[in-house]
Amino acid sequence: MINKVLENQNLLKLLFSFSILLIFLDSYQVLNTPLSWVGNLLLTLICLIIFRKEKMKFNLLFFIIVFVTLLPTIFSLFTMTYNFVNLNYLGIRLFSYLSFFLVFFVIINFGYKEAIVESLKIIFYLISIISIYFFIAQIFNIPEPIRNRPGTGILGFDIQTTFWSSGSHRMLGTFREPVFLVSLLFPSFIVLHYKTKNNYLFYLLSGIIFGLTKSELSLLLIFAITIVDIFLKNFKLKNLIFFISYFLFFILPIQECDISPSNIECPNEDLSGTIEEIVELDIAKDTNELSDVENDIDNQESNLTSLLNENRERLDIISFTTNKIFENTGYGFLSINKVYTEYLDQEVSHKMYLTNRTLPKYLKVQYLSDSFGTGRYFLTYEIVNIQNNFLFNFFSIGMFYLILNILVIIFSFQKNFSHGLKVSLLLISIGLGSMEDLLPLFGLYLSLMFTMELNES
């Protein structure tokens, strides 16, 4: 039965389409199990069945690479605190990592890549259309499926953000955050862009959904893929449509309460009027009391503070990287986030010691809300993640991970220069993403980029 399914391209396409669709349903869960996890498990099982059916065998080099990259995690087991939370966390990380290699190995050696790419394209279209509907639904209070998966806040049970009171409304689609949409869908776009023939609708939809995310990551990747296409003399009318539609929707301000003032999340008219009056009084007072020069200074400081707050996470990651890069021997998948958090909480702990003469453990008991005061006190008792795929794996595995990436790029350039640029672009897209794990889906992307040619028969 299984053999017949794998030999039937339509059924094979259905299996891959369903698993990829579940992976993209990042905002939803069933019985406290995220659907994206189910999708990754299904994709892994499909490849495991193919592995057994095709009687594939791993070579020695494959085993050596996997073993060496897991050494820091193996060593960390000797100092690990064994409880359900740690074991569950480690199990998920190891499953994702090993599944990434399995999927990559199987798809590279599998013969039905056309069916897989077709599945990827179908789901890309479906997610794009659904995402645009959800974007409109959130602005005009049209029903959409309940986003029942917790958000990505520190407390772990935050409600997903679907409303921006001051900034432009952002595209979420079926993902919990705009950057997650870019992290998972943009590598898919790269594969489809270079490995299949696409019509104008594909590039128009892609430009719209990535532009509406207002994500700085998408902006960086758009510039990267444009430069590569120009360099390879592959910049055509379709690329221009994609480029223009992206920037049009990226810079277009879409204020939810201006477009749909009746939205239930917008302040009512009375409150809005009261706020406006207060603001006008404050402006008048500032005008009388401050000179123009002083106002300019205050505005510059305010803008600088706002910019620093918005980019605090990126600055933290950069600071950690520059300070730890030369002593990086690999902390293991379980320990890296703890090491990262301990690095960040040094300043907070020092301030708390100076003010309280002790670490603020009693505050967590006394104030059940945990986040006491106005500082980043949560760093003393919560673990935060390195939300960057490359750096998370780089510090988990060690310098060998960087060497491995460089070797992959060198190997890809051996085929031809164009192929090397495309593989490098895909690696950059995955590495800059906010999904920390090397997901099975990323293994699928890389295997298709490595082996399949455009219109391969």
A.B. asks: Do the rings of Phe189 and Tyr203 sit parallel, tilted or perpendicular, given the 30° and 60° boundaries?
C.D. replies: perpendicular
A.B. asks: Is it true that atom CD1 of Ile146 has more than 12 heavy atoms of other residues, nucleotides or ligands lying nearer than 6.0 Å?
C.D. replies: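 12 or below, so no.
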A.B. asks: On the 0 to 90° scale, with breaks at 30° and 60°, tag the Phe100-Phe104 ring pair as parallel, tilted or perpendicular.
C.D. replies: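 Ring orientation, 0 to 90° scale: parallel.
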A.B. asks: In terms of relative ring orientation, are Phe242 and Phe186 parallel, tilted or perpendicular, with 30° and 60° separating the classes?
C.D. replies: tilted
A.B. asks: For residues Ser319 and Tyr343, is any side-chain donor paired with an opposing acceptor at under 3.5 Å?
C.D. replies: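 There is such a pair between these side chains.
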A.B. asks: Do you know which two heavy atoms are closest between Arg149 and Ser36, and how far apart they sit?
C.D. replies: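 That closest heavy-atom pairing would be NH1-OG, 3.2 Å.
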A.B. asks: With a cut-off of 6.0 Å (strictly less than), are more than 12 heavy atoms of other residues, nucleotides or ligands near CZ of Phe231?
C.D. replies: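 No, the 6.0 Å shell around CZ holds no more than 12 heavy atoms from other groups.
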A.B. asks: Could you check whether the rings of Phe450 and Phe411 sit parallel, tilted or perpendicular, using 30° and 60° as the cut-offs?
C.D. replies: tilted
A.B. asks: Report the relative orientation of the aromatic rings in Phe235 and Phe243; use parallel for angles under 30°, tilted for 30 to 60°, perpendicular for over 60°.
C.D. replies: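 Because their plane-to-plane angle is over 60°, the rings of Phe235 and Phe243 count as perpendicular.
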A.B. asks: Does CZ belonging to Phe18 count more than 12 external heavy atoms closer than 6.0 Å?
C.D. replies: no
A.B. asks: Parallel under 30°, tilted from 30 to 60°, perpendicular over 60°: which one fits the rings of Phe442 and Tyr445?
C.D. replies: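 The rings of Phe442 and Tyr445 sit tilted, inter-plane angle from 30° to 60°.
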A.B. asks: Show your working on side-chain contact (heavy atoms from CB on, under 4.5 Å) between Phe202 and Thr196 and close with a plain yes or no.
C.D. replies: CA-CA 11 Å; Phe202 171 80; Thr196 64; over 6 Å; no
A.B. asks: Using the side chain to side chain donor-acceptor pair (under 3.5 Å) criterion, which residues pair with Asn337? Sequence neighbours excluded.
C.D. replies: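 Tyr89, Asn385.
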A.B. asks: Parallel, tilted or perpendicular for Phe333 and Phe392, by the 30°/60° rule?
C.D. replies: parallel
A.B. asks: State, to 0.1 Å, how close Gly173 and Ser131 come at their nearest heavy-atom pair, and which atoms those are.
C.D. replies: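 Reported closest heavy-atom pair: CA-OG, 3.3 Å.
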A.B. asks: With rounding to the nearest 0.5 angstrom, report the CG to CG distance, Leu45 to Leu41.
C.D. replies: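 One gets 4.5 Å once the value is rounded to the nearest 0.5 Å.
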A.B. asks: Between Thr73 and Arg93, is any side-chain donor less than 3.5 angstrom from a side-chain acceptor?
C.D. replies: no
